[in-house]
There are 2 protein chains.
Amino acid sequence: MAITKEKWIIMLRAAGLKVTPIRIHILELLAKDHQLLSIEGIHSSLKKGTADFVTVYRCIRKFEEVGILTSVALGDGLIRYELREDTHSKDSHHHHHLICRICKVVELIQECTIKQIPPWLKKLGYSELDHRLDFFGVCPKCQRAA
Amino acid sequence: MAITKEKWIIMLRAAGLKVTPIRIHILELLAKDHQLLSIEGIHSSLKKGTADFVTVYRCIRKFEEVGILTSVALGDGLIRYELREDTHSKDSHHHHHLICRICKVVELIQECTIKQIPPWLKKLGYSELDHRLDFFGVCPKCQRAA
DNA sequence: CTATAAATGCAATTTATTTGCATTTATAGA
DNA sequence: TCTATAAATGCAAATAAATTGCATTTATAG
């Protein structure tokens, strides 16, 4: 645990942000099983009274600004957040998702089919390239329920 | 124009929805350049007074429910919508995006590197499979501005 | 043409997000 | 270790976003 905590501290410092208990908690929460969480989900998962709703909003906004987090929409009107893992570096936990359109369950997919930046993409002159690949479908459980 | 309008009518009917002028307008709007639009963007792009805000909300929700639309988060807290194109059928306008993290400009990418459903994905038993692949980066313009 | 279920607009409500400000906390430098 | 200061936090209040109820209109099956 302490070893990963160290990681968050380095990450926050690198982003020019102060290291606070709340921020560490939020990052630990998101790192756990690479969860996708909404603001509401983050707030309620923190131990009761740990952080004000406003503070969660502000932390998330800041994290997203500096690129620690990315956001996803799963089609229920909520924005969810997850830790951003560098897609084109070897030692990251970069992964994809398989998401059930009905129940929103998320399965992690470790295999990445896009190992390198495609040449046609390089030509466009964008920097700090990254990608996100998600599969959507209806999970076996929801198929049976239908 | 009439020829594409026909397409929306078929699409709405297939989804069990009534065909109304507002719905056609919204679909035409989203089809134009395969735009990504927020609720606010959709409402303001419709000719003034064409539709109430509430109606836009209700249409979008319905469209998403029946799978006509999908939603995307670009990291500014807004949810944007686009027409859903079947990824694994030949005659769709399926495409990917290259999105600037700073200014949110969206470039369409016609090439799809994921031509078929990967075998390991098939094994998981999900139906109605689909995928979404987006690249993120900083566009040349924003690089110069930085 | 008519009946009916769905869609729409408007007003009002509820929920989500942001802002202002006083207080606390992290951290760079003495 | 202590201190100054800039950032982070909590609370109250304000603003904005999304939903609901209901009366009215509209699309469509028969």
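So you know, we letter chains A, B, ... as the sequences are listed, proteins then strands, and number each from 1.
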How would you list, by chain and number, every residue that makes a salt bridge (charged side-chain N to carboxylate O under 4.0 Å, His left out) with B:E82, sequence neighbours excluded?
B:R132
Under the side chain to side chain contact (heavy atoms under 4.5 Å, CB included) rule, collect the residues that match up with B:V19, sequence neighbours excluded.
B:I9, B:L12, B:R13, B:I24
Salt bridge (charged side-chain N to carboxylate O under 4.0 Å, His left out) filter on B:R23, not counting sequence neighbours, yields none
Measure the CD1-CD1 distance between B:I26 and B:I60 for me, rounded to the nearest 0.5 Å.
5.0 Å
Residues forming a side chain to side chain donor-acceptor pair (under 3.5 Å) with A:S44, sequence neighbours excluded:
none
A:D52: which residues meet the side chain to side chain donor-acceptor pair (under 3.5 Å) condition with it, sequence neighbours left out?
none
In whole angstroms, how far is the P atom of D:dA13 from the CZ atom of A:F53?
19 Å
Which residues share a ring-ring contact (aromatic ring centres under 6.0 Å, His included) with B:H25, sequence neighbours left out
none
Go nucleotide by nucleotide along DNA chain C from the 5' end; which of A:Y57 and B:G16 gets its closest nucleotide reached first?
B:G16
Residue set satisfying side chain to side chain contact (heavy atoms under 4.5 Å, CB included) with B:S127, at least two apart, ordered chain then number -> A:V138, A:Q143
Give B:T50 one of three labels, base, sugar-phosphate or nothing, depending on what nucleic acid heavy atoms sit under 4.0 Å from its own.
sugar-phosphate
For the helix from C:dC1-D:dG30 to C:dA30-D:dT1, what angle separates the axis at the start from the axis at the finish, each from five pairs, in steps of 10°?
60°
A:E40 CD to C:dT14 C1', in whole Å, measures 15 Å
For B:Y126, enumerate each residue passing the side chain to side chain donor-acceptor pair (under 3.5 Å) test, keeping only those at least two apart in sequence or located in another chain.
A:E107
Footprint string (nucleotides 19-30 of chain C, 5' to 3'): B base within contact, S backbone only, - free, heavy atoms under 4.0 Å:
BB-----BS---
Using side chain to side chain donor-acceptor pair (under 3.5 Å) as the criterion, list what pairs up with A:S38, not counting sequence neighbours.
none
Within residues 67-83 of chain B: residues closer than 4.0 Å to DNA chain D (heavy atoms)
none
